[in-house]
Amino acid sequence: MSLDTIRLSQPAKDHLVKLKRATGIKNWNVLCRWALAFSLADPSTPLVKDIVTDSNIEMTWKTLTGTFGDVYLSLLKQRCAVDGEPLAEESVSKILSIHLHRGIGYLAGRRELADVSDLVSMSMAVVKELKNNIFGSMPIMAR
């Protein structure tokens, strides 16, 4: 497994087709960025560990991350550290695949996701929850 080329499973491809139709977002990589961000924001450990990448969808790291490759790599390495995984490329690549697929499944399972504005609303709710989790227990003066 390598970060150079990211491959998706057939179920992930099927979900992305549905998401493209629902949101109007035309490019796989943009949907995958949303999916990855949602999964990484979830502190729970993904249940799936092995993913069969059997679809014809693949993209390069540069296509997936665009100009934010360093940011995504840092987020993935941080997640590896939190999950107790080594920071080797293979571990980072595995974490990428697991979280990408979990995020795609998460988005595909959201019945209220009818357009891109729903995607933005969902992300704002996640940001609010993360903010509350981080700052909620702090004294008001420390905020």
Cluster check V116, M124: I/L/V/M/F/W/Y, side chain < 4.5 angstrom: yes

Hydrophobic cluster identity match, V82 and L96, side-chain contacts under 4.5 Å: no

Can you tell me how far the [atom1] atom of [X] sits from the [atom2] atom of [Y], to the nearest 0.5 Å?
{"X": "N29", "Y": "T65", "atom1": "CG", "atom2": "OG1", "value": "9.0 Å"}
{"X": "E89", "Y": "K94", "atom1": "CD", "atom2": "NZ", "value": "15.0 Å"}
{"X": "H15", "Y": "I104", "atom1": "NE2", "atom2": "CD1", "value": "8.5 Å"}

Is it true that a side-chain atom of [X] and a backbone atom of [Y] form a donor plus acceptor pair closer than 3.5 Å?
{"X": "K18", "Y": "A108", "answer": "yes"}
{"X": "S121", "Y": "S117", "answer": "yes"}
{"X": "S55", "Y": "L8", "answer": "yes"}

Salt-bridge criterion met for D83 and R79 (N-O under 4.0 Å): yes

Tell me, please, which residues at least two apart from [X] pass side chain to side chain donor-acceptor pair (under 3.5 Å).
{"X": "T53", "value": "none"}
{"X": "Q78", "value": "none"}
{"X": "E58", "value": "R7"}

Closest contact, heavy atoms only, L87 versus K77: CD2-O, 3.3 Å

Which atom of S91 lies closest to which atom of E85, heavy atoms considered: OG-OE1, 4.3 Å

Anything under 3.5 Å between a donor and an acceptor, one on a side chain of residues 30-41, the other on a protein residue two or more places apart or in another chain? List them.
| residue | atom | partner | partner atom | Å |
| --- | --- | --- | --- | --- |
| R33 | NE | L64 | O | 2.5 |
| R33 | NH2 | T63 | O | 3.2 |
| R33 | NH2 | L64 | O | 3.4 |
| S39 | OG | H99 | O | 3.3 |
| S39 | OG | H99 | ND1 | 2.7 |
| S39 | OG | R102 | NE | 2.8 |
| S39 | OG | R102 | NH2 | 3.4 |

Contact list for residues 51-95, test ring-ring contact (aromatic ring centres under 6.0 Å, His included), sequence neighbours left out: none

Evaluation steps, side chain to side chain contact (heavy atoms under 4.5 Å, CB included), between I51 and S9: CA-CA 7 Å; I51 296 166; S9 68; 4.2 Å; yes

For residues 21-28, run the donor-acceptor check on the side chains, cut-off 3.5 Å, and write out each pair with its distance to 0.1 Å, sequence neighbours left out.
| residue | atom | partner | partner atom | Å |
| --- | --- | --- | --- | --- |
| T23 | OG1 | L19 | O | 2.7 |
| T23 | OG1 | I25 | N | 3.1 |

